[in-house]
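As the structure lists them, so they are numbered: ligands from 1, and atoms in each ligand from 1.
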Amino acid sequence: MSTTVRVGILGATGAVGQRFIQLLDDHPTFELAALTASDESAGTPYREAAKWRVNTPIPEDVASTTVGRTHPDDVPEDVDLLFSSLPSSVAAEVEPLFLEEGYVVSSNSSNDRMADDVPLTIPEINPGHLDLIEVQRDERGWDGALLKNPNCSTITMTPTLAALDEFGLESVTVATLQAVSGAGYSGVTSMEIIDNAVPHIGGEERKMESESRKLLGSFDGAEIELHGMDVAASCNRIPTLDGHLENVFADLADDPSVDEVAEAMRDYPGIDLPSAPEQLIHVFDDPSRPQPRLDRDREDGMAISAGGIQQTSQGVKYNCLAHNTVRGAAGASLLNGELLVQEGWV
Ligand code: NAP
């Protein structure tokens with residue numbers, strides 16, 4: 001992956017957009033060439049348009065770049081790949097405009113994640129699903145390509161489930177403890193979340209239940225058959241800033257020991273892409289780990305952490321954690337972009 005690929009960010013000023021900018025700084029292949037946001041931000045320098053809250057400074061060239069409108073007319077034609085971090089309702093309207101113009105879009109937004117002709121991909125888990133783009137182009141008649149990454153809570157648990165699939169995944173019950181950055185800038189007010197926990201995140205439970213089955217589903221070249229496991233999720237917002245922690249109970253056909261479960265997770269293979277972690281799943285023996293503050297930045301925020309593995313009457317129980325705006329959002333899209341380049345779609 002040595003040639004330079006010019007990329008743009010749709011929704012560049014938001015919580016996920018800022019992570020894209022951080023992750024793209026000094027990227028070996030991608031060169032940032034376009035930033036877009038809402039009409040209110042368009043026409044202003046990025047440093048004024050964005051309420052920057054990432055823990056590294058805004059790169060100087062980005063700070064002075066003028067933000068464009070989120071429309072193909074405001075994005076140079078020689079941009080090869082767009083990363084999208086728009087609210088889903090906005091993305092549903094504007095992503096097709098870019099796809100019709102032939103852009104390849106790697107998107108975080110939830111619209112179309114479960115569409116039959118749209119690949120939903122974690123590069124280490126189901127890279128072969130990318131070939132669904134052929135079906136998409138035939139059906140939609142566009143030259144562009146739309147690739148989605150899953151919701152942040154789904155991406156936290158799915159690699160661990162992929163590792164356990166060899167033991168026969170039958171059903172999964174999961175409860176989440178999700179950070180406030182998962183709701184975006186205007187998502188949760190301090191009055192709602194300080195000294196509190198909110199046992200409801202609109203639509204999140206259904207996303208975890210459906211997206212995980214698509215990610216672990218099989219692809220025959222024409223369509224994806226969802227994995228047969230039954231998934232039930234309970235999603236909760238807690239006052240951490242970044243990092244989703246999840247308690248998973250996985251009912252398996254086989255009866256692996258705790259050591260066999262840990263080994264399957266540790267040995268789950270990674271992928272050779274510039275932003276991929278060396279080890280996808282880190283497993284702790286210490287039952288008090290992983291914890292959001294201590295473990296979310298592992299391998300630059302791209303690794304999944306797991307621990308607390310034990311056998312229970314409801315199957316194997318464990319905890320897992322990922323950085324929601326990195327591995328769960330911008331980093332996930334970035335890795336999908338790298339896969340698109342590696343596989344020749346860009
Ligand atoms: P956010 O902080 O609210 O940022 C939204 C971005 O979209 C901003 O750049 C905003 O620009 C822009 N925007 C809003 N309305 C627009 C419009 N009408 N036209 C053009 N641009 C518009 O949201 P976020 O947390 O970054 O999430 C972005 C997407 O990623 C969402 O679909 C979300 O569900 C998904 N996602 C988020 C996470 C997470 O952990 N946060 C994880 C996975 C997926 P202005 O600044 O100009 O308003």
Can you pull out the closest protein heavy atom to [atom]? Residue, atom name and distance to 0.1 Å, please.
atom: atom 2 (O) of ligand 1; answer: A15 N, 2.9 Å
atom: atom 18 (N) of ligand 1; answer: V90 CG2, 3.5 Å
atom: atom 3 (O) of ligand 1; answer: Y185 N, 4.2 Å
atom: atom 23 (O) of ligand 1; answer: G184 CA, 4.1 Å
atom: atom 28 (C) of ligand 1; answer: S85 O, 3.2 Å
atom: atom 48 (O) of ligand 1; answer: S38 OG, 3.5 Å

With respect to [X], determine whether any N or O atom, backbone or side chain, lies less than 3.5 Å from an N or O atom of ligand 1.
X: S41; value: yes
X: V16; value: yes
X: C152; value: no
X: G14; value: yes
X: N151; value: no

So, for [X] and [Y], which heavy atoms are closest and what is the spacing to 0.1 Å?
X: P199; Y: N236; answer: CA-OD1, 3.3 Å
X: L132; Y: A222; answer: CD1-O, 3.8 Å
X: R19; Y: A330; answer: CB-CB, 3.5 Å

Would a search of protein heavy atoms around atom 33 (C) of ligand 1 find one under 4.0 Å away? no

In ligand 1, which numbered atoms sit nearer than 4.0 Å to a non-hydrogen atom of [X]?
X: A12; value: 9 (O)
X: A329; value: 38 (C), 42 (C), 43 (C)
X: S109; value: 32 (O)
X: G328; value: 42 (C), 43 (C)
X: S88; value: 32 (O)
X: T70; value: 20 (C), 21 (N)

Tell me, please: is N324 in heavy-atom contact with ligand 1, that is, under 4.0 Å? yes

Between E95 and R113, does at least one N-O distance fall below 4.0 Å, as a salt bridge requires? no

Salt bridge check, R206 against E209: does any charged N sit closer than 4.0 Å to a carboxylate O? yes

Between the side chain of [X] and the main-chain N/O of [Y], is any donor-acceptor distance below 3.5 Å?
X: E246; Y: C320; result: no
X: S171; Y: M229; result: no
X: R137; Y: G144; result: yes

Would you tell me which option among P150, G11, A50, P87 has the nearest heavy-atom contact to atom 15 (N) of ligand 1? P87

Nearest non-hydrogen contact to atom 31 (C) of ligand 1 from the set L86, T13, N108 belongs to L86

Check each heavy atom of S181 against ligand 1 and say whether those closer than 4.0 Å belong to the side chain, the backbone, both or neither. backbone

side-chain contact (heavy atoms from CB on, under 4.5 Å), that's the test. Do D255 and Q311 meet it? Break it down for me. CA-CA 9 Å; D255 191 19; Q311 282 156 325; 3.9 Å; yes

So if you build clusters from Ile, Leu, Val, Met, Phe, Trp, Tyr with side-chain heavy-atom gaps below 4.5 Å, do [X] and [Y] land together?
X: M302; Y: I122; result: no
X: L35; Y: V5; result: yes
X: L252; Y: Y268; result: yes

Any side-chain heavy atom of E211 within less than 4.5 Å of one from K148? no

